[in-house]
Amino acid sequence: MLALGKKPASPLGKKAILFNDVFNPAKMPAVPPVFGQQNRIKTWYTYGNDEYGDCVWAAKAHMHMLIPLLGGHLRDYFWTNNVLSDYAACTGFRADQPNTDQGTDMKVAAEYHRKTGVLDSRGHRHRVDAYVNLTPGNLDQIAMSTYLFGAAELGINLTDDNMAQFDRGEPWMITKADPVGGHCVPVVGRDAAGNFLCITWGKVQRMTPNFIRQAMDEGIAYLNNEIINAAGMAPGAYDAATMVQMLAKISPQPVVKSSAEQLAELLQSEQTQTATTYGIMEAVTPAYPSDRQFDSAFRMLRGLLDQSGYGWALSDAKLRLYSNQIAIGVVAAGSQPSTPEEEKTS
């Protein structure tokens with residue numbers, strides 16, 4: 001099964017940063033007819049997009065698999081659980097609740113990518129320095145962004161005919177069929193026939209220029225300062241000062257605490273609020289949890305699981321059963337009895 005999952009393109013706000021706001025195409029490096037490093041990745045994975053509508057997040061993982069190689073670094077690795085955990089954190093997706101699998105707004109995900117970052121298999125989060133919005137159907141902007149930064153996100157509308165073209169290994173082309181949904185793909189190169197290359201559903205897929213002109217409804221290029229500095233662009237090609245000013249109007253880049261720091265704060269907060277009534281520090285009477293103790297156990301377990309990055313995999317209803325069992329066990333056990341005076345001195 002092939003899933004989609006990109007929500008319809010939302011309007012650009014007044015603070016949106018456009019490609020031409022910070023880049024001067026006339027001074028950008030010339031883009032060769034054929035480019036792309038997609039063959040350096042032996043296996044592209046679906047990252048759950050064959051079952052769930054997490055195409056926006058699969059696209060981000062695919063980009064970060066490739067981008068480090070362009071800078072001479074080791075590639076990054078992702079698991080499907082990593083990708084789905086970000087989908088869940090941004091949208092509220094739960095694997096056992098089909099009604100929560102509603103896809104993603106690319107612009108909302110772009111801010112998440114900048115502020116929080118996407119999780120890889122080692123537990124590291126990859127954030128971007130900034131991003132710019134591409135003009136739908138502008139092939140020059142797509143080519144420049146992809147060539148310079150290694151990949152660019154495209155939002156496109158697909159038809160059943162396009163699904164069939166993918167199955168047959170054919171390029172995506174425009175047909176008379178009506179779109180059935182939105183999809184997000186990372187563009188990674190261009191071939192000798194002029195087709196743009198993207199990654200989707202675990203494969204390299206070709207897209208004709210005409211298809212992009214008509215099917216694309218939004219696009220985002222993610223900026224990496226290291227790549228920009230190494231690109232050797234001509235003076236005036238990139239307006240860094242304007243980018244900084246425009247980003248400040250959107251919101252400052254927050255300081256993201258490590259998972260260990262967030263977990264320590266969570267535990268401290270829960271222990272401070274519930275220790276004496278939860279049965280951790282003091283004996284509890286009666287030896288059966290109150291409603292408050294049940295709720296405290298649930299909040300702590302929900303928080304710990306969410307901090308791990310895999311909270312999406314267990315619904316509140318299922319988690320409540322486990323937390324209730326924990327609360328009953330802890331309360332029944334109570335605190336350790338104090339040592340009698342005669343045993344201390346014997």
Side-chain angles (χ1 to χ4, degrees), residues 1-7 38 40-69 73-128 131 149-156 158 166 181-188 198-205 218-220 222 224 256 259 262 305-315:
M1 182 177 71
L2 303 178
L4 299 177
K6 187 192 81 71
K7 290 187 175 181
Q38 70 282 349
R40 298 180 65 179
I41 302 294
K42 293 183 179 179
T43 304
W44 298 98
Y45 300 93
T46 61
Y47 289 128
N49 194 213
D50 52 345
E51 182 176 2
Y52 304 112
D54 66 327
C55 59
V56 173
W57 306 96
K60 294 183 186 301
H62 289 142
M63 286 194 295
H64 282 288
M65 289 169 65
L66 181 61
I67 289 173
L69 297 177
H73 307 292
L74 295 176
R75 58 160 291 188
D76 293 315
Y77 290 84
F78 293 82
W79 293 335
T80 296
N81 280 352
N82 306 138
V83 177
L84 290 174
S85 71
D86 285 320
Y87 179 35
C90 188
T91 69
F93 162 75
R94 294 282 174 187
D96 68 338
Q97 298 178 16
N99 63 316
T100 65
D101 187 14
Q102 298 295 321
T104 307
D105 184 317
M106 281 180 58
K107 297 180 181 65
V108 173
E111 270 299 282
Y112 181 97
H113 200 167
R114 186 176 77 94
K115 291 184 175 182
T116 302
V118 293
L119 189 69
D120 70 11
S121 63
R122 297 175 298 168
H124 297 164
R125 288 202 170 273
H126 298 270
R127 294 158 64 191
V128 292
Y131 60 89
F149 299 112
E153 279 183 358
L154 258 61
I156 53 179
L158 294 184
F166 175 84
H183 195 40
C184 177
V185 296
V187 180
V188 297
C198 71
I199 308 300
T200 187
W201 300 312
K203 298 180 181 179
V204 177
Q205 173 65 23
E218 61 184 325
I220 298 174
Y222 291 95
N224 180 297
V256 179
S259 297
Q262 295 179 56
L305 190 58
D306 289 343
Q307 288 291 339
S308 74
Y310 301 107
W312 61 269
L314 202 59
S315 68

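In this chain, numbering begins with 1 at the start of the sequence shown.
For an aromatic pair to be called close, the ring centres must be under 6.0 Å apart, and Tyr47 with Trp57 fails this. The ring of His62 has its center no closer than 6.0 angstrom to the ring center of Phe78. Ring centers of Tyr52 and Phe93: under 6.0 Å apart, within the cut-off.
Applying the side-chain contact (heavy atoms from CB on, under 4.5 Å) test to Ala89 and every residue at least two apart in sequence or in another chain returns Tyr112. Not counting sequence neighbours, the partners of Arg75 by the side-chain contact (heavy atoms from CB on, under 4.5 Å) test are Ile41, Met65, Leu69, Tyr77. With sequence neighbours left out, the ring-ring contact (aromatic ring centres under 6.0 Å, His included) criterion links Phe149 to no other residue. In this view, Val204 and Gln38, Trp44, Leu197, Ile199 satisfy the side-chain contact (heavy atoms from CB on, under 4.5 Å) rule, not counting sequence neighbours. Residues forming a side-chain hydrogen bond (donor to acceptor under 3.5 Å, both in side chains) with Thr91 (at least two apart in sequence, or on another chain): none. Checked against side-chain hydrogen bond (donor to acceptor under 3.5 Å, both in side chains), Tyr45 has no partners two or more places apart in sequence or in another chain. Listed by chain and number, the residues in a salt bridge (charged side-chain N to carboxylate O under 4.0 Å, His left out) with Asp76 are Arg122 (sequence neighbours excluded). Residues that satisfy the side-chain contact (heavy atoms from CB on, under 4.5 Å) test with Ala151, not counting sequence neighbours, are Met63, Val188. With sequence neighbours left out, the side-chain hydrogen bond (donor to acceptor under 3.5 Å, both in side chains) criterion links Glu218 to Lys6, Lys107. For His64, the side-chain hydrogen bond (donor to acceptor under 3.5 Å, both in side chains) test picks out His113, with sequence neighbours left out.
Judged purely by atom type and a 3.5 angstrom limit, Arg127 has no side-chain atom pairing as donor or acceptor with the backbone of Gly117. Asp120 contributes a side-chain N or O that, together with a main-chain N or O of Gly123, makes up a donor-acceptor pair within less than 3.5 Å. Side-chain atoms of Asp86 come within 3.5 Å of backbone atoms of Leu119 as a donor-acceptor pair (strictly under, hydrogens ignored). Within the 3.5 Å criterion, the main-chain N or O of Lys7 finds no donor-acceptor partner in the side chain of Asp105.
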- Checking side chain to side chain contact (heavy atoms under 4.5 Å, CB included) for the pair Asp54/Val83: CA distance, chi angles, key distance, verdict? CA-CA 8 Å; Asp54 66 327; Val83 177; 3.5 Å; yes
- Message: Please evaluate residues Ser121 and Asn82 with respect to the criterion side chain to side chain contact (heavy atoms under 4.5 Å, CB included), reporting the C-alpha separation (whole Å), side-chain torsions for both, the decisive distance (0.1 Å), and the verdict.
- Response: CA-CA 7 Å; Ser121 63; Asn82 306 138; 3.8 Å; yes
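Under the 3.5 Å distance criterion, with hydrogens and angles disregarded, no donor-acceptor pair is assigned to the side chains of Tyr131 and Glu153. With no hydrogens or angles considered, a side-chain donor-acceptor pair links Trp201 and Asn49 at under 3.5 Å.
Shortest non-hydrogen contact noted between Thr116 and Arg125 is O-CD, 3.3 Å. Shortest non-hydrogen contact noted between Ala58 and Thr46 is CB-O, 3.9 Å. Between Ala59 and Pro186, the closest heavy-atom pair is CB-CD, 3.7 Å. Closest of all the heavy-atom pairs between Gly182 and Leu4 is O-CB, 3.2 Å. Looking at every heavy atom in both residues, Gly150 comes nearest to Leu66 through O-CD2, 3.7 Å. For the residue pair Thr104 and Ala109, the shortest heavy atom distance occurs at CG2-CB, 3.8 Å.
Counting only heavy atoms from C-beta outward, the side chains of Cys55 and Thr200 never approach each other to under 4.5 Å. A 4.5 Å side-chain heavy-atom check between Tyr87 and Val56 finds every atom pair outside the cut-off.
Once rounded to the nearest 0.5 Å, the distance linking SG of Cys184 with CD1 of Ile156 reads 8.5 Å. For the atom pair Asn224 CG and His126 NE2, the distance stands at 11.5 Å (nearest 0.5 Å).
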